Visitor: 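My questions all concern the structure below.
Every value quoted in this text rests on a predicted model; they were computed, and no experiment measured them. Protein chains get the first letters and strands the later ones, always in sequence-line order, with residue 1 at the start of each.
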Number of protein chains: 2
Amino acid sequence: MDTTDGPCGLDVSLKVIGGKWKPLILYHIQDGPTRFSQVKQRVAGISEKVLIQQLRELVAMDVLIRRDHQRVPPMVDYALTPFGKTLVEALQPLCEWGTQNRAHVAATLAAASG
Amino acid sequence: MDTTDGPCGLDVSLKVIGGKWKPLILYHIQDGPTRFSQVKQRVAGISEKVLIQQLRELVAMDVLIRRDHQRVPPMVDYALTPFGKTLVEALQPLCEWGTQNRAHVAATLAAASG
DNA sequence: CGGTATCCCCAACGATACTG
DNA sequence: CAGTATCGTTGGGGATACCG
C-alpha cells in the first residue's frame with residue numbers, strides 16, 4: 001500500500017482521541033469502572049469542567065459507558081465499551097514507546113529549551 | 001503493573017506528537033525523504049506557516065532530519081530519523097484502528113450531530 | 001458527589017502578502 | 001521553492017462559584 005495518497009486511518013483516530021486529555025483519560029479507566037472523582041485524581045491537572053466535557057464526548061462516541069447508580073450522594077462511574085477496549089489496545093504501543101523514551105525526550109526538550 | 005498510578009508513557013508521546021497535525025505529517029513522510037512542497041500537498045488543509053512550525057518542532061525533537069541541498073531554487077527535504085521510525089511504528093496500530101473503524105466513527109459522530 | 005454556569009485567556013491555528 | 005512577517009480568529013482549556 002502506498003502511504004502517500006489519500007487519508008490514512010489516523011484522521012479517524014484523531015477525531016476520537018484528539019485533544020489534550022482523552023488518551024490519558026482512557027488510560028486511567030482501562031482497569032475497570034472508575035468513579036468520576038477517581039478519574040479526576042488520576043488525571044493530574046485536569047479541571048472538572050474539562051473532564052466532564054471529555055468524558056461526555058467519549059460516551060457520545062461509544063468509547064465509554066456512563067453508569068449512574070442512582071444514589072445519594074451521587075455515585076457515577078465510567079467504563080470502556082468493547083469498542084473502547086480496541087482503542088486502548090491500539091494506544092498501547094504509543095504508551096510503551098513513551099515509557100521507553102522518556103529520558104531521551106526530556107533531554108531533547110531541555111536541549112531545545114522548550 | 002498497576003496502570004492507575006503515576007504517569008504512563010502517554011504523557012511523553014503526547015509531548016512529541018501532540019497537536020493537530022504531527023501524526024499526519026509523520027505518516028506522510030514515512031516512505032522516505034520528502035520535500036517541503038510534497039508534505040504540504042499530502043497533508044491536506046495545513047497552512048505553510050503551521051507546517052513549518054510543526055516540522056521545526058519535530059526536527060528539534062530528533063524525530064525528523066532536515067536536509068538543505070543548497071540549490072537555487074531551494075531544495076529541502078525532511079526524513080525520519082531512526083528515533084522517528086520507532087515512533088511511526090508505535091503509531092501504526094492507531095492508524096489501522098482508524099482504518100477499520102472509519103464507518104463506525106462516522107456513524108456515531110453523525111448520530112451525535114457533531 | 002457529581003456535576004452546571006459563567007467568565008476569561010491565550011496558544012494554536014488560519015489567511016495573506018512578501019522575500020532570498 | 002521554501003520559507004518569513006504580520007495580523008486576525010477561535011475554541012480548547014482554566015478559575016471560580018453555585019446546584020440537586
Visitor: Given atom CH2 of B:Trp21 and atom P of C:dG14, what is their separation to the nearest angstrom?
Guide: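 Rounding to the nearest Å, CH2 of B:Trp21 and P of C:dG14 are 5 Å apart.
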Visitor: Would you kindly give the CD1-to-P distance between A:Ile25 and D:dG13, to the nearest whole Å?
Guide: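 My rounded result for the distance is 9 Å.
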Visitor: Between the side-chain atoms of A:Lys40 and the base atoms of C:dG2, is any donor-acceptor pair under 3.5 Å?
Guide: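 Flag unset: no donor-acceptor pair detected.
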Visitor: To the nearest angstrom, how far is B:Arg35 atom CZ from D:dG3 atom P?
Guide: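 My rounded result for the distance is 10 Å.
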Visitor: Ignoring backbone atoms, establish whether A:Tyr78 has a side-chain N or O less than 4.0 Å from OP1 or OP2 of C:dG3.
Guide: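 Checking A:Tyr78 against C:dG3: at least one side-chain N or O falls below 4.0 Å of OP1 or OP2.
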Visitor: Taking all heavy atoms of B:Ile29 and all of B:Tyr78, pick out the closest pair and write down the distance.
Guide: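 Looking at all heavy atoms of both residues, the shortest contact is CG2-O, 3.7 Å.
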Visitor: Compare the minimum distances between each of D:dG14, C:dC13, D:dG3 and the side chain of B:Arg66, then state the nucleotide with the smallest one.
Guide: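 So the side chain of B:Arg66 is nearest to D:dG3.
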Visitor: For A:Thr108 and B:Asp62, which heavy atoms make the closest approach, and how far apart are they?
Guide: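 The answer is CG2-N, 4.2 Å.
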Visitor: Hey, is B:Arg67 close enough to B:Asp77 for a salt bridge, meaning N to O under 4.0 Å?
Guide: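 Salt bridge present between B:Arg67 and B:Asp77.
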Visitor: Would you call the rings of A:Phe83 and B:His104 parallel, tilted or perpendicular, taking 30° and 60° as the class edges?
Guide: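 Perpendicular: the ring planes of A:Phe83 and B:His104 meet at over 60°.
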Visitor: Please report, rounded to the nearest Å, how far the P atom of C:dG14 is from the CD1 atom of B:Ile46.
Guide: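 Interatomic distance, CD1 of B:Ile46 to P of C:dG14: 7 Å.
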Visitor: Rounded to the Å, how far apart are A:Ile52 CD1 and D:dG13 P?
Guide: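 The answer, rounded to whole Å, is 15 Å.
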Visitor: Please tell me if B:Lys22 has a side-chain N or O lying less than 4.0 Å from either OP1 or OP2 of C:dC13.
Guide: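 For B:Lys22, the contact criterion (side-chain N or O under 4.0 Å from OP1 or OP2 of C:dC13) is not met.
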Visitor: Should B:Arg67 be listed as having a side-chain N or O under 4.0 Å from OP1 or OP2 of D:dA2?
Guide: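 For D:dA2, OP1/OP2 do not have a side-chain N/O of B:Arg67 under 4.0 Å.
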Visitor: Starting from P on C:dG3, measure out to CZ on A:Phe36 and report it in whole angstrom.
Guide: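 Rounded to the whole Å, the gap is 6 Å.
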Visitor: Of the listed nucleotides (C:dG2, D:dG14, D:dG3), which one gets closest to any side-chain atom of A:Ser37?
Guide: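 Nearest listed nucleotide: C:dG2.
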Visitor: Ignoring backbone atoms, establish whether B:Arg56 has a side-chain N or O less than 4.0 Å from OP1 or OP2 of D:dG3.
Guide: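 The answer is yes; a side-chain N or O of B:Arg56 sits under 4.0 Å from OP1 or OP2.
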Visitor: Base, sugar-phosphate or nothing for B:Gln54? Non-hydrogen atoms, less than 4.0 Å.
Guide: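 Here B:Gln54 touches the backbone only, sparing every base.
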Visitor: In terms of the nearest nucleotide of DNA chain D, which residue is placed more toward the 5' end: A:Pro74 or A:Ser47?
Guide: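 First, find each residue's nearest nucleotide; the 5'-ward one identifies A:Ser47.
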Visitor: Which atom pair, heavy atoms only, marks the closest approach of A:Leu94 to B:Ser13?
Guide: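 Nearest heavy atoms, A:Leu94 then B:Ser13: O-OG, 2.7 Å.
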Visitor: Starting at the 5' end of DNA chain D, which residue's closest nucleotide do you reach first, A:Lys49 or B:Lys49?
Guide: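 Final value for this comparison: B:Lys49.
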Visitor: Take atom CD of B:Glu48 and atom C1' of C:dT16, then tell me their distance rounded to the nearest Å.
Guide: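 Rounding to the nearest Å, CD of B:Glu48 and C1' of C:dT16 are 11 Å apart.
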Visitor: How close or far is atom P of C:dC13 from atom CG of B:Leu24, stated in whole angstroms?
Guide: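 Spelled out: CG on B:Leu24 to P on C:dC13 is 12 Å.
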